[in-house]
Amino acid sequence: MRTHIIHIGAEELTYEIRNIIRVADKLQELGVPVYLENIGDPVAKGEKIPIWMKEIVAELAREDMCYGYCPTQGLLETREFLVSLNNNNGNARITAEDIIFFNGLGDAITKTYGFLNRTARVITPSPTYTTHSSSEAAHAGLPPVCYPLDPHNYWFPDIEELRRRVKYNPTVAGILLINPDNPTGAVYPVNLIKEIVEIAREYDLFIIADEIYQNLVFNGNETEPLGAVIGDVPGISMKGISKELPWPGSRCGWMEVYNVHRDSEFKSYIQSILDAKMVEVCSTTLPQKALPQILKHPQYQAYLEQRRQRYQRFSQIAYDRLKNIPGVIVNPTNGAFYMSVAFEDGVLNQLQTLPISNGAVSELVNEITGDPNIQPDKRFVYYLLAATGICVVPLTSFNTPMQGFRITLLEPDEKKFSQMLDKLKEGIEQYIV
Ligand code: PLP
């Protein structure tokens, strides 16, 4: 090319989850049956969408207006519905002007970081959902700035370390928290969120809370949305319907902005995100129209509760199977539908293997794991996949040096889920001897 055309942040955009699926597909082609534990799409994993929900969507598909554009910020009636949900729960008060719809949170996330001043950083958890860390790093053209989550303490953030990193890095302008969390399944107690808010207040930062799993909390855990504790600190809560209805194909999510008028820079920043949306015109119309009808439906709460109970049961099954393996750190999933399993330091090395029965598969794995710089957990993941057909995601692909992997609780068939865990346990024990 006549001039450089590659963005400085291009190398920061990685999404390992999709890379592993490429290998899983190859294995399936070669005849190895695969348990897909890698993608957080309940529908792809066989979640049945209730008939009443489909009827709402089918009815809307008869209305011409659902085929048109909608206002840039989103349908007013839907934003007003969300405002009433928020304000009735005692949260920081917002108006319809404080809500912006996006084509899924993926869109909200890339715009939120994309329109931040290049030298301003948002400190992200480690491990974290990589759409955040990669987009944030891509905006800066530098590796992510992060704070550790502690597997020895329910994957909660190390607050003192977060404070230190904020204090000594003056480029940090914002803090990201994900509650309930992907990839760890942690649910933050209210006090912990308050402490993060206090750090933001002390250092004049804004907060981004990804709360897409806000209504998927179980095992008797209690938490609060950012809006309930933010006080006068500027903040953004990101919410959506991909996981909760679940309807990831709707590409529908939104942000609620708190205290936009408290800081003129924050106000202009939010305006730039809205302007970017305006340039694009708007987000998907039909899901916005369906959202209040689905959430208000008399069967919605019972449906959600039944899903929470299933995840709770599966969380306990997974925890019981894996908790006693020496060298492995496991916490029960308390929200969302992921479990991160960490290996103690030094447990993994570059010599461990698992027997792979198919010659062609063995060759493929040898080729991938032959890279001398491969992360040990990635190496484990490929051996596990080839030997047992279980497709998990290495923890190091979630922006952390910590070794481990992530599974999901999404398999609807309890027997198959338990079988997968038996094989997984056996695979880990055999690999790490
Ligand atoms: N935020 C978190 C924490 C997620 O885990 C995911 C998807 O896995 C998303 C956002 C993406 O949501 P959406 O489907 O609305 O783009």
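Please read all numbers here as calculations on a predicted model, not as lab measurements. One-based numbering along the sequence shown. Start at 1 and go down the list; that is how both ligands and their atoms are numbered.
Separating the CZ atom in Phe101 from the OG1 atom in Thr285 is a distance of 11.0 Å, to the nearest 0.5 Å.
If you number the atoms of ligand 1 from 1 as listed, the ones under 4.0 Å from a heavy atom of Lys243 come out as 6 (C), 7 (C), 8 (O). Taking a cut-off of under 4.0 Å to the non-hydrogen atoms of Asn182, the atoms of ligand 1 that pass are 4 (C), 5 (O), 8 (O). Interface of Ile178 with ligand 1, defined as ligand atoms under 4.0 Å from a residue heavy atom, comprises 3 (C).
Counting heavy atoms closer than 4.0 Å to ligand 1, residue Ser242 contributes side-chain atoms (C-beta onward) but none from N, CA, C or O. Contacts of Ile212 with ligand 1, taken as heavy-atom pairs under 4.0 Å, involve the side chain alone. Residue Arg251 touches ligand 1 through its side chain alone, judged by heavy-atom distances below 4.0 Å.
The distance criterion of under 3.5 Å between nitrogen or oxygen atoms is met by Gly106 with respect to ligand 1. Where the criterion is an N or O separation shorter than 3.5 Å, residue side chain and backbone included, His132 fails it with respect to ligand 1.
Considering Asn219, Thr184, Asp181 in turn, Asn219 is the only one that fulfils the side chain to side chain donor-acceptor pair (under 3.5 Å) rule with Asn334. Checking Phe218, Phe314, Tyr311 one by one against Phe337, the ring-ring contact (aromatic ring centres under 6.0 Å, His included) holds for a single residue, Tyr311.
Sorted by first then second residue, the salt bridge (Lys or Arg N to Asp or Glu O under 4.0 Å) pairs that include residues 70-79, not counting sequence neighbours, are Glu77-Lys289.
Judged by the shortest distance from any of its heavy atoms, Gly104 lies inside the 4.0 Å radius around the atoms of ligand 1.
Lys45 and Glu37 are joined by a salt bridge, as a carboxylate oxygen and a charged side-chain nitrogen come within less than 4.0 angstrom of each other.
A donor-acceptor contact shorter than 3.5 Å links the side chain of Thr284 to the backbone of Arg251.
For Tyr319, there are no ring pair (Phe, Tyr, Trp, His ring centres under 6.0 Å) partners two or more places apart in sequence or in a different chain.
Considering only non-hydrogen atoms, atom 5 (O) of ligand 1 lies nearest to Tyr213 out of Tyr213, Tyr338, Phe337. Across Leu176, Thr130, Asp210, Ile109, heavy-atom proximity to atom 3 (C) of ligand 1 is greatest for Asp210.
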Problem - From CA spacing to verdict: side chain to side chain donor-acceptor pair (under 3.5 Å), Tyr338, Tyr129 - result: CA-CA 11 Å; Tyr338 308 96; Tyr129 175 59; over 6 Å; no
